[in-house]
> 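I'd like to ask you about the structure that follows.
By convention here, the first residue in the shown sequence is residue 1.
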Amino acid sequence: EKKLVAEIKKTAKTGNEAATRILARQLVRLRQQITNLQGSRAQIRGVATHTQALYASTSISTGMKGATKAMVAMNKQMAPAKQAKVIREFQKQSAQMDMTIEMMSESIDETLDKDEAEEETEELTNQVLDEIGVDIASQLSSAPKGRIGSKKVETVVPSSQSADVEDLEKRLASLRRI
């Protein structure tokens with residue numbers, strides 16, 4: 001454009017009016033083409049932006065489609081009725097396990113809480129009482145021995161059956177150790 005303006009000035013200085021007009025018309029056409037070119041560039045940029053937006057929308061749509069498929073598959077696997085049944089079964093088994101553990105603990109306690117533990121308890125009690133100066137060993141010796149609250153029931157057995165009862169007691173004691 002600058003070259004054309006310089007050429008128009010040269011031609012105008014020579015006085016050639018027709019050539020100056022032709023050059024001026026070329027300058028006007030050149031400016032129009034530049035304006036049209038800039039408009040076309042703007043349109044192309046707009047189309048490019050629109051294309052990128054469409055691509056982003058397509059990508060989002062594809063992602064949503066995959067997420068929807070995954071959610072449908074999860075919903076099929078996680079039927080609420082089925083899950084509730086699994087949870088109820090878990091609670092039942094957990095309660096049963098708690099009862100089993102409690103029964104085992106009681107059984108172990110009964111096995112370990114024999115006369116040996118009572119003797120150790122009595123010795124420790126006497127030792128503590130001796131240390132603090134209390135002598136109640138004579139008082140404790142007259143008290144009945146055994147576990148408090150045990151389910152043993154003493155019955156008077158005639159002398160003819162005492163051998164059978166002793167044999168049964170020995171068997172019961174051996175079973176408790178097992």
Side-chain angles (χ1 to χ4, degrees), residues 39-178:
S40 296
R41 277 187 189 166
Q43 285 179 342
I44 290 172
R45 285 183 186 149
V47 169
T49 303
H50 187 67
T51 303
Q52 288 175 346
L54 286 175
Y55 179 74
S57 293
T58 305
S59 297
I60 290 171
S61 176
T62 303
M64 288 173 66
K65 181 180 177 183
T68 302
K69 284 182 181 179
M71 286 188 281
V72 166
M74 289 299 292
N75 284 336
K76 283 181 182 177
Q77 289 180 357
M78 295 183 66
K82 201 184 247 187
Q83 294 302 317
K85 183 179 177 185
V86 168
I87 290 170
R88 281 193 305 270
E89 183 65 23
F90 175 80
Q91 289 172 337
K92 177 182 168 188
Q93 294 300 326
S94 178
Q96 190 173 2
M97 181 184 284
D98 288 344
M99 286 189 290
T100 303
I101 289 172
E102 187 176 332
M103 288 171 44
M104 289 177 65
S105 294
E106 287 177 7
S107 177
I108 290 171
D109 289 345
E110 285 178 8
T111 303
L112 296 177
D113 196 17
K114 294 287 181 200
D115 291 333
E116 297 170 2
E118 289 177 19
E119 289 174 11
E120 288 180 27
T121 304
E122 187 176 332
E123 287 175 15
L124 183 60
T125 304
N126 288 337
Q127 181 182 0
V128 170
L129 292 175
D130 286 343
E131 288 177 6
I132 61 172
V134 177
D135 184 23
I136 62 166
S138 60
Q139 296 172 358
L140 290 178
S141 63
S142 64
K145 294 183 180 179
R147 289 183 17 193
I148 297 173
S150 64
K151 296 181 182 178
K152 293 181 182 177
V153 177
E154 293 185 24
T155 58
V156 178
V157 180
S159 61
S160 63
Q161 294 181 353
S162 64
D164 292 335
V165 171
E166 287 178 19
D167 185 42
L168 287 175
E169 286 179 355
K170 286 179 184 177
R171 286 183 181 178
L172 181 62
S174 67
L175 287 174
R176 284 186 180 161
R177 284 188 215 128
I178 295 174

> To the nearest 0.5 Å, what is the distance between CD1 (Ile44) and OG1 (Thr51)?
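One gets 11.0 Å once the value is rounded to the nearest 0.5 Å.
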> Please round to the nearest 0.5 Å and tell me the distance separating atom CZ of Arg45 and atom OG of Ser40.
11.5 Å
> Using the test side-chain contact (heavy atoms from CB on, under 4.5 Å), find all partners of Gln43 that sit at least two apart in sequence or belong to another chain.
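Result, side-chain contact (heavy atoms from CB on, under 4.5 Å) vs Gln43: none returned.
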> Distance-only criterion, 3.5 Å: show the donor-acceptor pairs between side-chain atoms of residues 59-67 and protein atoms not counting sequence neighbours.
from: Ser59; atom 1: OG; to: Tyr55; atom 2: O; distance (Å): 3.1
from: Thr62; atom 1: OG1; to: Thr58; atom 2: O; distance (Å): 2.9

> Please name all residues satisfying side-chain contact (heavy atoms from CB on, under 4.5 Å) with Met104, sequence neighbours left out, ordered by chain then number.
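Counting only residues at least two positions away or on another chain, Met104 forms a side-chain contact (heavy atoms from CB on, under 4.5 Å) with Thr100.
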> Of all residues at least two apart in sequence or in a different chain, which pass the salt bridge (Lys or Arg N to Asp or Glu O under 4.0 Å) check with Asp167?
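For Asp167, the residues satisfying salt bridge (Lys or Arg N to Asp or Glu O under 4.0 Å) (neighbours in sequence not counted) are Arg171.
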> Who pairs with Ile101 by side-chain contact (heavy atoms from CB on, under 4.5 Å), at least two apart in sequence or on another chain?
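Testing Ile101 for side-chain contact (heavy atoms from CB on, under 4.5 Å), a comparison that skips the adjacent residues, returns Met97, Ser105.
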> Kindly write out the residues that satisfy side-chain contact (heavy atoms from CB on, under 4.5 Å) with Glu89, not counting sequence neighbours, or none if the list is empty.
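Here the qualifying residues are Lys92, Gln93.
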